[in-house]
Amino acid sequence: IAKTFSLPPHGYVMNMTVSMINLTEDKRVNVEYEMNACTQATFTSGYDKNFLRFNVFHKDALKIFPFDKVKNKGAIIEGDSAWIALQKKYFALFVRPDFHMQHARGQVLNDTVFKATIKAPAREIEYQEKIQDSYVIYAGPTGYTILKDVGYDFKKITAGGFWGWFKMA
């Protein structure tokens, strides 16, 4: 397994490629893996907790899970999701694979770590065959204009200010 990172011109975006080669003596190997993204869940006040969310873009609609719901029950969305985001008040961490996930899961660990997990689809790799999965990773501000410029429908996590709902059309 190899991971390759590249930084395109946009300052908050990184591309990651995960490559896997079957080097075993088996003619065919089944491959399944999950990828995790985490952010610190720290609060300066109880009010800040209202802005911490786990977002999943699932079947062309944004599913939003507030921090307290994820902390108490967890969150899982099965199949056909395009990206996930861990969102704070002014900051977000997005992970967008080049495939539709088998599932996306949100958890809170030790009351301080907000964790998102995505599962790649299961595949078979022939002997010495190589497969690659690519990811777009965004770590930056949640400003509407910035997210709109990045693309991938990331702007859907924000209303974009008072008039934002009118701009999003």
Side-chain angles (χ1 to χ4, degrees), residues 2-20 33-45 47-71 75-108 112-121 131-169:
K3 294 178 187 171
T4 307
F5 299 91
S6 63
L7 300 170
H10 196 288
Y12 303 109
V13 177
M14 172 177 55
N15 294 320
M16 181 180 76
T17 302
V18 176
S19 305
M20 291 166 270
Y33 73 94
E34 292 185 336
M35 189 175 111
N36 299 311
C38 297
T39 188
Q40 198 68 25
T42 54
F43 313 111
T44 54
S45 71
Y47 179 71
D48 288 347
K49 191 170 25 172
N50 296 328
F51 294 97
L52 192 57
R53 305 185 311 194
F54 172 59
N55 301 301
V56 180
F57 194 61
H58 178 73
K59 296 185 179 180
D60 296 325
L62 183 62
K63 306 285 185 192
I64 299 170
F65 299 92
F67 177 80
D68 284 336
K69 182 176 181 181
V70 174
K71 182 179 176 183
I76 189 161
I77 297 286
E78 295 290 343
D80 208 22
S81 296
W83 53 258
I84 55 117
L86 295 173
Q87 180 183 359
K88 292 185 175 184
K89 188 173 183 179
Y90 301 111
F91 176 85
L93 173 65
F94 288 84
V95 178
R96 183 187 185 278
D98 64 355
F99 54 82
H100 281 269
M101 301 168 245
Q102 279 190 317
H103 71 246
R105 185 174 61 241
Q107 300 173 265
V108 175
T112 60
V113 177
F114 206 17
K115 176 181 169 186
T117 303
I118 61 173
K119 184 170 185 179
I131 61 170
Q132 291 185 325
D133 292 332
S134 297
Y135 297 83
V136 172
I137 300 171
Y138 172 91
T142 58
Y144 177 82
T145 305
I146 294 169
L147 293 174
K148 182 180 175 192
D149 290 346
V150 171
Y152 308 111
D153 284 325
F154 289 172
K155 68 183 180 188
K156 291 187 182 286
I157 69 162
T158 181
F162 180 76
W163 297 104
W165 294 111
F166 298 104
K167 289 192 287 188
M168 291 176 69

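Positions are given from 1 along the sequence.
From Arg105, atom CZ reaches atom CZ of Phe54 across 9.0 Å, with rounding to the nearest 0.5 Å. Rounding to the nearest 0.5 Å places NZ of Lys155 at 15.0 Å from OG1 of Thr142. Within the model, atoms CE of Met14 and CG of Leu7 stand 7.0 Å from one another, a figure rounded to the nearest 0.5 Å. Taking CZ of Arg53 as the reference point, atom CG of Leu86 lies at 11.5 Å (rounded to 0.5 Å). How far OG of Ser81 is from NZ of Lys63: 9.0 Å, rounded to the nearest 0.5 Å. Between atom OG1 of residue Thr117 and atom CD of residue Gln107 there is a gap of 5.5 Å, rounded to the nearest 0.5 Å.
Proximity of Phe57 to Lys156: side-chain heavy atoms (C-beta onward) are separated by under 4.5 Å at one or more points. Under the 4.5 Å side-chain criterion, counting only non-hydrogen atoms from C-beta, Glu34 is in contact with His103. Looking only at side-chain heavy atoms (C-beta outward), Tyr138 and Ile146 come within less than 4.5 Å of each other. Proximity of Asp153 to Trp83: side-chain heavy atoms (C-beta onward) are separated by under 4.5 Å at one or more points. With contacts defined as side-chain heavy-atom distances shorter than 4.5 Å, the pair Lys59/His100 does not qualify. Residues Ile137 and Asn15 fail the side-chain proximity criterion, which asks for heavy atoms closer than 4.5 Å. No side-chain heavy atom of Phe94 sits under 4.5 Å from any side-chain heavy atom of Ile84. You'll find the side chain of Phe65 stays beyond 4.5 Å of the side chain of Asn55, heavy atoms only.
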- request: Determine, step by step, whether Val108 and Val113 satisfy the side chain to side chain contact (heavy atoms under 4.5 Å, CB included) criterion, reporting the C-alpha distance in whole Å, the side-chain angles of both residues, the deciding distance to 0.1 Å, and the verdict.
  value: CA-CA 6 Å; Val108 175; Val113 177; over 6 Å; no
Full working for side chain to side chain contact (heavy atoms under 4.5 Å, CB included) between Val150 and Tyr12: CA-CA 9 Å; Val150 171; Tyr12 303 109; 5.7 Å; no
- request: Just do the side chain to side chain contact (heavy atoms under 4.5 Å, CB included) check on Glu78 and Met101 with the steps written out, would you?
  value: CA-CA 8 Å; Glu78 295 290 343; Met101 301 168 245; over 6 Å; no
- prompt: Given Ile64 and Leu62, is the side chain to side chain contact (heavy atoms under 4.5 Å, CB included) satisfied, shown in steps?
  reply: CA-CA 6 Å; Ile64 299 170; Leu62 183 62; 3.9 Å; yes
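The minimum heavy-atom distance between Pro97 and Ala82, with the atom names listed, is CD-O, 3.4 Å. Residues Leu93 and Cys38 come closest through the heavy atom pair CD2-O, 3.7 Å. Scanning both residues, Pro141 and Leu147, for their nearest heavy atoms gives O-CD2, 3.9 Å. Closest approach of Val70 to Ala75, counting heavy atoms only: CG2-CB, 4.1 Å.
Counted within 6.0 Å of NZ on Lys119, heavy atoms from surrounding residues, nucleotides or ligands total more than 12; the atom is thus considered enclosed. Crowding of Phe5 atom CZ: a count of heavy atoms from other residues, nucleotides or ligands under 6.0 Å exceeding 12.
Using cut-offs of 30° and 60° on the angle between ring planes, the pair Tyr135 and Tyr33 is perpendicular.
Screening Thr17, Val18, Asp98 for a side chain to side chain contact (heavy atoms under 4.5 Å, CB included) involving Gln132 leaves a single residue, Thr17.
Using modelled atom types, one side-chain atom of His58 and one backbone atom of Gly79 make a donor-acceptor pair closer than 3.5 Å.
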